[in-house]
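Notes for the one structure printed next.
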Amino acid sequence: MSSQYPVPKWIEQLHAGKEEAYRILFDEYYQMLGVFAMKYVKDKEVAEDIVQDLMTLLWEKDTYFDSISAFHSFIYLFIRNRSINHLKH
């Protein structure tokens with residue numbers, strides 16, 4: 001499926017396991033996702049752990065995104081779901 005918003009090159013490189021792409025991911029999203037997680041869990045350490053889980057998943061797993069919106073949906077849903085799961089336990 002084609003998208004009007006193509007995947008940025010660094011996301012394609014992340015899929016290929018390029019370390020520089022992971023650095024861009026971390027620099028661009030880590031703090032923003034931590035703030036997002038904090039809205040749910042209200043604990044900075046827990047929020048950081050949740051974001052780190054996402055970063056690890058994206059580094060270790062063979063993930064593919066066909067658009068930037070699919071990437072954004074994935075990362076925000078991951079953070080939201082992990083945060084809610086944390087609150088349930």
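Throughout, residue positions are numbered sequentially from 1 according to the sequence presented. What you are looking at is a predicted structure, and each value in this text was computed from that prediction instead of being measured.
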Are L25 and V35 connected in the hydrophobic side-chain network, where two residues link if heavy atoms are under 4.5 Å apart?
no
Does Q31, at its CD atom, have more than 12 non-hydrogen atoms belonging to other residues, nucleotides or ligands within less than 6.0 Å?
no
Identify the residue among F78, Y30, F26 that makes a side chain to side chain contact (heavy atoms under 4.5 Å, CB included) with V51.
Y30
Do M38 and L33 land in one hydrophobic cluster if side-chain heavy atoms of ILVMFWY residues count as linked below 4.5 Å?
no
Measuring from atom CD1 of I75 to atom CG of L57, what distance do you get when rounded to the nearest 0.5 angstrom?
11.5 Å
Quick one: CD1 on I11 to CD1 on I68, what's the gap to the nearest 0.5 Å?
3.5 Å
On a heavy-atom basis, the closest approach of K39 and K42 is O-NZ, 2.7 Å
Test log, rule side chain to side chain contact (heavy atoms under 4.5 Å, CB included), inputs Q52 and E48
CA-CA 6 Å; Q52 190 58 46; E48 288 175 350; over 6 Å; no
Can you name the one residue among N81, V41, D43 that meets side chain to side chain contact (heavy atoms under 4.5 Å, CB included) with H86?
V41
Closest non-hydrogen atoms of D66 and A70, given as atom of the first, atom of the second and distance, are OD1-CB, 3.7 Å
CZ (F65) and NE2 (H72) are apart, to the nearest 0.5 Å, by 10.5 Å
With rounding to the nearest 0.5 Å, note down the distance linking CG in D53 to CZ in R82.
5.0 Å
E20, CD: over 12 other non-hydrogen atoms inside 6.0 angstrom:
yes
For G34 and A47, work out which heavy atoms get closest and say how close.
O-CB, 3.8 Å
Does the side chain to side chain contact (heavy atoms under 4.5 Å, CB included) test come out yes or no for Y40 and V46, once each step is laid out?
CA-CA 10 Å; Y40 290 97; V46 171; over 6 Å; no
One should read off an interatomic distance between L54 CG and I79 CD1, to the nearest 0.5 angstrom, of 4.5 Å
Begin from the C-alpha positions of W10 and K18 and carry the test side chain to side chain contact (heavy atoms under 4.5 Å, CB included) through to its verdict.
CA-CA 8 Å; W10 68 266; K18 303 288 185 183; over 6 Å; no
Cluster link F71 to Y64, ILVMFWY, side chain under 4.5 Å
no
